[in-house]
Amino acid sequence: MTTYKEVYEGWRADPEGFWVEAAKAIDWTTPPTRALDDANAPFYRWYADGECNTCWNAVDRHVEAGHGDRVAIIHDSPITHSKHEITYAELRDRVASLAGALRAKGVEKGDRVIIYMPMVPEALEAMLACARIGAVHSVVFGGFAAHELAVRIDDATPKAIIAASCGLEPGRVVHYKPLVEAAIEQSKHKPDFCVIFQREQEVAKLIEGRDHDWHAFQYGTEPAECVPVGGADPLYILYTSGTTGQPKGVVRPNAGHMVALLWTMKNIYGVEAGDVYWAASDVGWVVGHSYIAYAPLLAGCTTIVFEGKPVGTPDAGTFWRVISEHGVKVLFTAPTAFRAIKREDPKGEFVGKYDLSCLKTLFLAGERADPPTIEWAQKQLKVPVIDHWWQTETGYAIAANPVGLEMLPVKLGSPTVPMPGYDVQILDEAGHPLPAGTLGAIAVKLPLPPGTLPTLWNADDRFKKSYLTTFPGYYETGDAGMMDEDGYLYIMARTDDVINVAGHRLSTGAMEEVLASHQDVAECAVIGVADELKGQLPMGFLCLNAGCNRPHDEIVRECVALVRNEIGPVAAFKLAVVVPRLPKTRTGKILRGTMSRIADGESFKMPATIDDPAILDEVKEAVGTLGYPSQA
Ligand code: COA
Ligand code: AMP
């Protein structure tokens with residue numbers, strides 16, 4: 001048996017050989033002559049002289065191999081009380097038809113298409129249709145508001161927008177079409193046309209000449225074949241939160257992405273063709289891109305598109321029903337989902353109602369997996385519970401327990417060890433490697449492996465500034481942590497203004513920009529406070545303009561509504577308070593870290609550079625009015 005150590009050391013000794021070998025797992029129209037092209041470092045390209053097509057490898061290839069009858073997608077929607085299956089052959093025909101219609105309307109290789117859809121199979125079909133003709137998709141999460149969509153339209157300049165008429169949240173219809181209209185209204189760039197998938201829960205009004213009904217649009221058009229694209233050509237752009245309101249467009253190349261994802265399916269998740277794989281996330285996030293859409297299909301598995309929540313749709317047993325009904329072998333979700341289930345069903349009474357013998361492993365990612373949640377999951381499910389660590393930028397795990405290769409001992413609180421391709425180092429502020437057990441910035445030695453971001457869309461300089469400047473020769477992850485003597489990693493906190501709310505990555509800087517736009521707000525700060533369910537919640541501090549004598553609760557209400565309208569409900573911004581002033585250093589930097597510690601009830605060292613320590617008492621009093629530090 002090959003061990004993790006052998007494989008990792010094998011990669012270290014010969015990275016080029018490792019990735020050339022791994023690339024044999026996909027079909028190429030023109031095989032690459034080499035893996036890495038570093039001619040334009042630090043912009044690295046993988047498999048750049050090869051040609052391939054992601055849709056071919058995810059769909060057609062399996063049909064050609066005689067597996068057309070295998071189920072590719074199961075849509076399970078407890079919200080609409082419906083379930084249905086799509087085979088690989090059906091998927092190919094549906095995707096080829098949509099791709100043909102897009103092409104007939106002028107969408108070509110390299111053109112961008114924005115996809116704004118809920119958890120329906122048509123979202124995956126839209127992604128694959130773009131991949132089929134070499135167009136670059138950019139999926140926008142449904143929980144974002146019109147302004148966020150507009151920012152992405154202006155950055156990606158799409159030829160088309162593909163949207164559904166609505167999304168469905170428990171007890172609430174999310175009206176997608178008016179959001180699309182408002183976004184197009186706000187954006188400078190205007191798409192040539194929109195394709196609207198009309199759901200029966202809400203039929204949207206179409207604008208003559210610009211909007212097309214999903215089905216009518218495809219009627220009478222020629223299905224499209226797969227178009228070969230360059231290995232390093234972009235498959236998609238996925239926007240993620242940075243420190244400002246301008247999101248970062250993470251670029252994902254075609255070939256490296258396929259090669260790396262296939263490697264992970266076998267070696268990390270331990271699944272093979274025919275297995276049922278379920279990532280309970282959303283197509284709008286990177287987990288959805290990699291492990292709802294692409295990886296399970298590339299591997300010939302059945303993927304589950306689940307439109308529901310871990311609790312309340314209808315109860316805390318939904319996950320167990322889906323697993324037992326569809327024979328799920330691997331479940332992947334965020335710890336927050338398990339915290340939600342545990343809170344509703346602490347004794348696991350729902351678990352006992354279902355036969356979960358098909359489930360072999362549970363994987364968690366997206367935020368820190370707190371040991372009590374892992375222990376609860378272990379006890380209830382009686383399968384290995386594996387924490388793994390990754391980011392939108394990488395597209396797959398930087399550190400994991402490679403269960404498919406060799407299951408390493410689990411250490412609670414650690415996502416285990418670096419995967420091949422990742423030389424992970426803990427660095428001090430000057431960029432020197434730190435000894436085992438010491439907390440520092442987590443960085444990855446360049447080049448990053450195939451499939452990771454080669455740059456940010458239209459923003460090479462920002463890419464260098466955000467990730468490559470602090471530690472020359474390294475990729476800065478933005479996470480802080482340590483490595484123990486056995487090489488196990490521990491991810492402790494972000495080093496920037498990014499917070500993690502229910503597994504969703506959000507920028508406090510973006511929320512501050514919105515709050516600052518309120519007419520009565522002179523200055524503000526947003527911090528992350530610990531939350532038992534969602535991991536973190538945003539909390540806003542507002543300093544008002546001199547002379548403003550409007551009631552504070554009215555201003556707070558308006559600010560909460562403003563963030564919801566500008567960023568979206570997903571920001572979960574509900575905590576805000578008016579304060580007379582903000583604590584700052586003598587050079588004017590707001591002491592957000594100290595404020596977070598006060599709100600969390602943690603001890604803190606009085607910052608030596610604080611301009612007036614008395615302000616910290618005011619912060620304490622203000623968070624007290626919001627019920628913090630909470631007693632949980
Ligand atoms: N479209 C529109 N609105 C959405 C949305 C979507 N796709 N997803 C979430 N929202 C809304 C919610 O309805 C909620 O609105 P509300 O303020 O009116 O109640 C708000 O955004 C906050 O959503 P969320 O943070 O998800 O909280 P929740 O209370 O609805 O659910 C959990 C809490 C823990 C059950 C839920 O976050 C969950 O299932 N998380 C799983 C984690 C996950 O998928 N992570 C992705 C990375 S792996
Ligand atoms: P995203 O880009 O949305 O996937 O968020 C990435 C960030 O989520 C990382 O930089 C971490 O801060 C956090 N994160 C993801 N997985 C883990 C994990 N297993 N443990 C701790 N933090 C994690």
Side-chain angles (χ1 to χ4, degrees), residues 116-119 123 140-145 164 166-176 179 238-242 248 250 279-292 306-313 316 318-319 332-344 363-370 374 386-400 413-416 442 453 476-481 489-496 498-506 531 533-538 560 563-564 567-574:
Y116 188 55
M117 296 184 97
M119 288 297 286
V140 179
F141 178 61
F144 282 126
C166 68
L168 301 167
E169 284 291 290
R172 176 163 74 94
V173 174
V174 186
H175 312 289
Y176 276 26
L179 291 169
L238 178 57
Y239 289 89
T240 190
S241 300
K248 296 167 167 170
V250 168
S281 176
D282 188 287
V283 281
W285 305 115
V286 68
V287 174
H289 279 65
S290 293
Y291 292 105
I292 296 173
F306 174 72
E307 188 180 39
K309 302 268 172 180
V311 293
T313 58
T318 305
F319 271 29
F332 176 174
T333 192
T336 189
F338 267 75
R339 288 197 295 271
I341 296 171
K342 179 174 146 216
R343 193 164 74 166
E344 295 257 313
F363 284 86
L364 298 174
E367 55 171 332
R368 200 177 120 74
D370 50 299
I374 295 195
I386 307 297
D387 178 20
H388 59 332
W389 167 60
W390 51 299
Q391 312 183 310
T392 304
E393 287 84 346
T394 64
Y396 58 99
I398 308 170
S414 167
T416 324
I442 312 181
L453 83 172
E476 182 185 6
T477 65
D479 282 314
L489 268 168
Y490 293 80
I491 316 300
M492 310 306 282
R494 290 285 304 190
T495 54
D496 54 14
V498 166
I499 58 171
N500 206 313
V501 179
H504 310 316
R505 176 166 158 183
L506 299 168
D531 181 71
L533 173 66
K534 297 194 178 186
Q536 278 185 301
L537 280 178
V560 166
V563 174
R564 191 177 171 94
I567 296 181
V570 68
F573 182 80
K574 289 177 181 157

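Note that ligands are numbered from 1 as they come in the structure, with each ligand's atoms numbered from 1 the same way.
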What protein heavy atom sits nearest atom 26 (O) of ligand 1, and how far off is it? His504 NE2, 3.5 Å
Just which atoms of ligand 1 are under 4.0 Å from any heavy atom in Thr336? 34 (C), 40 (N), 41 (C), 42 (C)
Just by distance, do the side chain of Thr392 and the backbone of Val286 share a donor-acceptor pair under 3.5 Å? no
Which of the numbered atoms in ligand 1 are below 4.0 angstrom from a heavy atom of Arg172? 3 (N), 11 (C), 12 (C), 13 (O), 15 (O), 18 (O)
Considering only NZ, NE, NH1 and NH2 on the basic side and carboxylate oxygens on the acidic side, decide whether Asp387 and Arg368 come within less than 4.0 Å. no
Tell me whether Phe141 reaches ligand 1 (any heavy atom closer than 4.0 angstrom to a ligand atom). yes
Need the ligand 1 atom indices (1-based, order shown) with element for anything under 4.0 Å from a heavy-atom of Val174. 2 (C)
Close side-chain approach of Lys309 and Glu169, heavy atoms under 4.5 Å: yes
Counting from 1 in the order shown, the ligand 1 atoms closer than 4.0 Å to a non-hydrogen atom of Gly142 are 1 (N), 2 (C), 6 (C)
Using a distance threshold of 4.0 Å (strictly less than), state whether atom 42 (C) of ligand 1 has a protein heavy-atom neighbour. yes
Quick check against the 3.5 Å criterion: does Thr495 have a side-chain atom that pairs as donor or acceptor with the backbone of Gly478? yes
For atom 30 (O) of ligand 1, grab the closest protein heavy atom and report residue, atom and distance to one decimal in Å. Lys309 NZ, 3.5 Å
Name the closest protein heavy atom to atom 20 (C) of ligand 1, giving the residue it belongs to and the distance to 0.1 Å. Pro569 O, 3.3 Å
For atom 32 (C) of ligand 1, is there a protein heavy atom at a distance under 4.0 Å? no
Need the ligand 1 atom indices (1-based, order shown) with element for anything under 4.0 Å from a heavy-atom of Pro310. 35 (C), 39 (O)
Side chain to side chain, Asn500 and Leu506, heavy atoms closer than 4.5 Å: no
For ligand 1, find out whether one of its N or O atoms is nearer than 3.5 Å to an N or O atom of Trp285. no
Short version for Lys534: what comes under 4.0 Å of ligand 1, heavy atoms counted, is side chain
Distance-only, no hydrogens or angles: does the Gln391 side chain make a donor-acceptor pair with backbone N or O of Thr477 under 3.5 Å? yes
Main chain of Gly395, side chain of Ser290: is a donor-acceptor contact present, judged purely on distance under 3.5 Å? yes
Check each protein residue for a heavy atom under 4.0 Å from ligand 2 and list those that pass, ordered by chain and number. Val286, Gly366, Glu367, Arg368, Asp387, His388, Trp389, Trp390, Gln391, Thr392, Asp479, Ile491, Arg494, Asn500, Arg505
Any Thr394 side-chain heavy atom under 4.5 Å of Trp389 side chain: no
To which protein heavy atom is atom 46 (C) of ligand 1 closest, and what is the distance rounded to 0.1 Å? Ser281 OG, 3.4 Å
Which is closest to atom 18 (O) of ligand 1 in terms of heavy atoms, Arg564, Glu169, Lys574? Arg564
Quick one, Arg505 and Thr240 - any side-chain contact, counting heavy atoms below 4.5 Å? yes
My understanding is that only residues two or more places apart in sequence, or in another chain, count here; which of them pass ring pair (Phe, Tyr, Trp, His ring centres under 6.0 Å) with Phe363? Tyr269, His388
Is Arg339 salt-bridged to Glu367, going by a charged N under 4.0 Å from an acidic O? yes
Can a donor-acceptor pair be found, under 3.5 Å and without considering hydrogens, that links the side chain of Arg494 to the backbone of Asp479? no
Take the angle between the ring planes of Trp285 and Phe141 and call it parallel below 30°, perpendicular above 60°, tilted in between. tilted
Just go through Gly143, Ala502, Ala334 and tell me whose heavy atom is the nearest to atom 3 (N) of ligand 1. Gly143
Going by the order shown, which atoms of ligand 1 are within less than 4.0 Å of some heavy atom of Val570? 21 (O)
Side chains of Leu168 and Val174, heavy atoms from C-beta outward: is any pair under 4.5 Å? no
